[in-house]
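First comes the structure, then the notes that go with it.
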Amino acid sequence: MNARRFICTLLVAFSFFGARATHIVGGEFTYRYLGDTVEGVAGPLSMYSVSLSIYEDCLNGDMGAIAQDNPAYLEAFENDGTKFDGYFFDTPEHYDSIFYSNAEQVPVNFSNKCVNNVPKTCLLKKTFVRTYYFPHNSTGYIITYQRCCRNCSIQNIEDPCNTGSTFYCTIPAWPMTNSSAVFKNYPPQVICLDNPLDYDHSATDVDGDSLSYKFCVSLNCCGGPGGNSRPIPPPPDQFPPLYYDSVTYVSGYSSPQPLSGFPPVVINPVTGLITGTPDLEGRYLVTVCCSEWRHGVLINTSKREFQFVVAPCTKVVVADIPQYSTDPNTYIVDCSNYTVDFVNTSTGGFAYDWNFGVPGIASDSSSAFEPSYTYPDTGTYLVTLVVNPGTTCPDSISRLVKVYPYFKADFADSGIQCPGDTLDFTDLSSSTLKPISSWKWTFGDGDSSFLENPGHVFSVAGTYNVTLISENVRHCMDTILKQVLVERFKPFAGNDTMIVKGESVRFNATGGVNYSWSPGLYLDDTSVFNPQGTFPDTGTFNYVVQVASSFGCYGVDTIQVRVVGQSEFFVPDAFSPNGDGKNDVFKPIAVGYKSINYFCVFNRYGQRIYTGNSFEEGWDGTYRGQRQDVGVYFWEISFMDRDGKPGFLKGEVTLVR
């Protein structure tokens with residue numbers, strides 16, 4: 001049957017005639033099918049008893065606001081939004097309102113005697129009951145109760161002071177009948193911060209329907225364009241179509257995740273058990289939906305809205321095993337050996353009872369404060385620690401231990417270790433438990449890879465710290481670092497040179513271990529780093545040397561030999577010692593001269609600021625480590641020509657920067 005839903009909605013208001021009604025902390029609807037009656041004016045009638053329960057803070061709440069919760073205004077509609085003015089069991093003059101049938105103080109539901117600062121609480125449950133006679137139809141019915149607004153201190157929704165609530169449950173259309181599920185326990189009034197929560201929020205169902213549970217969306221109110229809230233619902237004949245908009249959750253919260261916790265606070269969809277460890281103090285709006293399934297078809301969803309008040313609790317005894325793994329509720333993932341050393345961070349204890357979780361044996365226990373235990377095999381074990389067992393105030397904690405030795409990261413590289421060439425990296429990690437599932441490579445030059453066996457190009461020579469972090473399917477993880485040398489390869493043929501016809505020059509290439517010169521004209525050997533060239537004619541001769549390094553790197557460089565017919569002497573008239581590698585040194589250039597006796601430079605005051613005695617040396621523009629000023633300087637040079645005859649030259653040079 002395509003049954004429309006009969007929806008019961010509750011809007012609990014925290015303000016009334018201008019006063020903030022922070023006394024209401026939750027509410028819920030239930031209903032019971034009472035059977036059918038004889039035909040009435042509109043035909044056969046189904047009887048339903050509908051109960052509305054409101055939870056009020058009778059310790060800190062405004063007593064005037066609590067009084068204004070009575071009566072409750074109930075609105076009845078068919079499920080298509082049509083106003084239902086039909087049959088009630090109570091008096092006609094109060095068809096839109098009903099006074100509560102009873103009020104009771106809810107138990108604290110906090111019985112831990114080992115907490116020494118239990119906050120004072122008072123929770124009042126006020127219940128309103130009405131019996132309806134519904135004509136059989138194909139749509140079902142809607143009953144509403146709305147008020148605004150919520151407790152201003154709620155932390156997980158936006159603007160709670162101006163936000164209302166809407167709750168709903170469903171009754172299917174005729175001929176299906178149903179009684180709603182009923183939650184078994186009251187919500188706890190106080191939850192201890194950073195302490196495990198274990199609360200049974202399950203329900204019972206007299207029809208034997210299958211039940212499922214989830215955290216669901218909390219609904220805003222009220223009816224009307226834009227979801228405008230109102231302190232009191234208007235009379236039934238003015239009530240507009242219903243609006244069921246969600247409240248706006250603060251960033252980081254949602255209906256499936258209404259409060260923060262580690263481990264997260266969750267509800268078991270089968271058992272209704274709420275577990276987790278709240279880790280942020282405050283007041284949080286929570287809605288639980290209990291869905292009823294009949295023959296695999298959803299026939300109703302009952303909702304309970306309440307507030308979790310998370311407060312610091314000082315426990316006399318606290319059992320604690322730290323969590324060193326990122327896996328949920330896991331003490332450690334040990335991938336190195338079978339022996340686990342346990343750390344005990346409990347407080348207030350004087351006796352300890354450890355159970356290491358090995359099934360089928362009784363010897364996996366210890367009374368030591370921080371024991372060690374060697375597990376018989378790989379696997380996941382639930383370890384339990386009871387502090388002060390058998391006393392009035394014990395405490396306990398359970399954590400998982402995952403034992404999966406052995407795991408070791410390793411890798412190798414292959415290829416030519418030269419700038420610009422590809423090096424291939426191969427994962428050699430070993431693991432008892434396979435497969436290895438993830439890899440993270442960092443190559444030391446800012447690049448990384450998540451491939452199992454990546455290739456990588458180092459563009460610059462140097463020594464690089466290459467790191468591999470590998471991990472297997474059980475989250476065993478290891479890190480290895482190796483240094484990879486990329487050769488600083490720079491082939492060099494030597495400096496260009498100038499000689500006189502008939503002379504010889506000795507080449508001096510560097511950068512490798514093997515050399516090959518071309519062309520071979522005038523060279524005595526083309527396969528050595530330092531061949532000798534003898535040039536019988538003038539001209540300009542260009543040579544290329546191919547250099548191979550010990551790493552297998554290859555490169556080329558060129559050198560030019562200029563051969564002139566007679567000796568020449570050249571001294572530049574300017575130089576620029578600015579560190580750009582061009583004309584940074586002032587020195588004479590001589591071809592066909594035997595040696596220099598001296599080469600001197602003077603400043604304008606006649607002070608000698610440089611002296612050299614080699615064609616290879618020159619002045620760098622400094623004197624006693626200080627840079628000299630821009631300007632004109634004077635030089636003198638004394639030399640011996642190729643026949644041993646002395647000579648002398650002098651001149652000036654301009655220093656520019």
query = Between Phe183 and Cys290, is a side-chain contact (heavy atoms from CB on, under 4.5 Å) present by the stated rule, with each step listed?
reply = CA-CA 9 Å; Phe183 293 109; Cys290 174; 3.8 Å; yes
inquiry  = For His201 together with Phe306, are the ring centres under 6.0 Å from each other?
reply    = yes
Residue pair Thr384, Ser398: steps toward the side-chain hydrogen bond (donor to acceptor under 3.5 Å, both in side chains) verdict = CA-CA 4 Å; Thr384 301; Ser398 294; 2.9 Å; yes
inquiry  = Under the rule for side-chain hydrogen bond (donor to acceptor under 3.5 Å, both in side chains), what residues qualify as partners of Arg32, not counting sequence neighbours?
reply    = none
ask   = With respect to Val247, which candidate in Asn156, Ile157, Ile154 satisfies the side chain to side chain contact (heavy atoms under 4.5 Å, CB included) definition?
value = Ile157
remark   = Here the pair of heavy atoms bringing Trp354 nearest to Val343 is CH2-O, 4.2 Å
query = Looking at residues at least two apart in the chain, or sitting in another chain, which of them share a ring-ring contact (aromatic ring centres under 6.0 Å, His included) with Phe262?
reply = none
message = Whether the side chain of Asp353 engages the backbone of Val386 through a donor-acceptor N/O pair (distance < 3.5 Å, no angle test) should be reported.
response = no
task = Test Glu28 against every option in Arg304, Lys303, Lys125, Lys126 by the salt bridge (charged side-chain N to carboxylate O under 4.0 Å, His left out) rule and name the one that passes.
result = Arg304
note = Across all chains, not counting sequence neighbours, the disulfide (SG to SG under 2.5 Å) partners of Cys476 are Cys335
task = Report yes if the side chains of Tyr324 and Tyr331 come closer than 4.5 Å at any heavy-atom pair, otherwise no.
result = yes
inquiry  = Would you compute the distance between atom OG of Ser325 and atom CD1 of Ile332 and round it to the nearest 0.5 angstrom?
reply    = 8.5 Å
query = Does the side-chain hydrogen bond (donor to acceptor under 3.5 Å, both in side chains) test come out yes or no for Asp334 and Ser336, once each step is laid out?
reply = CA-CA 6 Å; Asp334 196 329; Ser336 59; 2.9 Å; yes
request  = Would you please say whether a donor-acceptor pair under 3.5 Å links the side chains of Asn220 and Thr163?
outcome  = no
message = If you compare all heavy atoms of Gln155 against all heavy atoms of Tyr284, which two are closest, and at what distance to 0.1 Å?
response = NE2-OH, 3.7 Å
request  = With rounding to the nearest 0.5 Å, note down the distance linking CG in Asn465 to CG in Leu481.
outcome  = 4.5 Å
ask   = Please walk me through it: do Ser449 and Phe443 pass side-chain contact (heavy atoms from CB on, under 4.5 Å)?
value = CA-CA 8 Å; Ser449 175; Phe443 299 108; 4.0 Å; yes
message = Quick check against the 3.5 Å criterion: does Arg283 have a side-chain atom that pairs as donor or acceptor with the backbone of Ser153?
response = no
query = Any sub-3.5 Å donor-acceptor pair from Thr277's side-chain atoms to Asp194's backbone N or O?
reply = no
ask   = Out of curiosity, Gln323 CD to Thr345 OG1, how far, rounded to the nearest 0.5 Å?
value = 11.0 Å
Contact check, side chains of Arg474 and Val333, non-hydrogen atoms, under 4.5 Å = no
query = Under 4.5 Å between any side-chain heavy atoms of Ile191 and Tyr199, yes or no?
reply = no
ask   = What's the verdict on side-chain contact (heavy atoms from CB on, under 4.5 Å) for Trp441 and Phe411, showing C-alpha distance, side-chain angles and the deciding distance?
value = CA-CA 10 Å; Trp441 301 81; Phe411 69 88; 3.5 Å; yes
request  = Determine whether Asn300 and Ile171 make a side-chain contact, defined as any pair of heavy atoms from C-beta on separated by less than 4.5 Å.
outcome  = no
key: Aromatic contact, Tyr352 with Phe369 (centres under 6.0 Å)   = yes
Chi angles and distances behind the side-chain hydrogen bond (donor to acceptor under 3.5 Å, both in side chains) call for Thr127, Ser51 = CA-CA 7 Å; Thr127 302; Ser51 296; over 6 Å; no
inquiry  = Tell me the closest heavy-atom pair linking Val317 and Gly348, and the distance in Å.
reply    = CG2-O, 3.5 Å
request  = Please answer whether the main-chain N or O of Ala203 pairs with a side-chain N or O of Tyr213 as donor and acceptor at a distance below 3.5 Å.
outcome  = yes
key: Heavy-atom side-chain contact between Val401 and Val403 under 4.5 Å   = yes
inquiry  = Between Asn453 and Asp427 (side chain of the first, backbone of the second, donor and acceptor by atom type, cut-off under 3.5 Å), is there such a pair?
reply    = yes
task = Please check if the side chain of Glu292 supplies one atom and the backbone of Ile299 the other of a donor-acceptor pair under 3.5 Å.
result = no
key: Beyond-backbone contact of Ile469 with Met477, side-chain heavy atoms, under 4.5 angstrom   = yes
query = Counting only N and O atoms by type, is there a donor-acceptor contact under 3.5 Å from the side chain of Asp207 to the main-chain atoms of Asp209?
reply = no
query = Measuring from Phe458:CZ to Asp447:CG, what's the distance to the nearest 0.5 Å?
reply = 8.5 Å
N/O donor-acceptor pair under 3.5 Å between Tyr249 side chain and Gln257 backbone = no
inquiry  = Between Thr330 (side chain only) and Leu400 (backbone N and O only), is there a donor and an acceptor less than 3.5 Å apart?
reply    = no
query = OG of Ser302 to OH of Tyr31: how many Å apart, nearest 0.5 Å?
reply = 6.0 Å
query = Does any N or O in the side chain of Ser346 come within less than 3.5 Å of the main-chain N or O of Asp320, such that one atom is a donor and the other an acceptor?
reply = yes
request  = Would you check if Trp293 and Ser212 make a side-chain contact, meaning some heavy-atom pair closer than 4.5 Å?
outcome  = yes
ask   = Which pair of non-hydrogen atoms, one from Cys58 and one from Leu123, has the smallest distance, and what is that distance?
value = SG-N, 3.5 Å
query = Just wondering, do Ser470 and Trp439 contact through their side chains at under 4.5 Å, heavy atoms?
reply = yes
query = Between atom NZ of Lys214 and atom SG of Cys289, what is the distance when rounded to the nearest 0.5 Å?
reply = 6.0 Å
task = Starting from the C-alpha separation in whole Å, work towards a yes-or-no answer on side-chain contact (heavy atoms from CB on, under 4.5 Å) for Thr275 and Asn268.
result = CA-CA 8 Å; Thr275 59; Asn268 187 299; over 6 Å; no
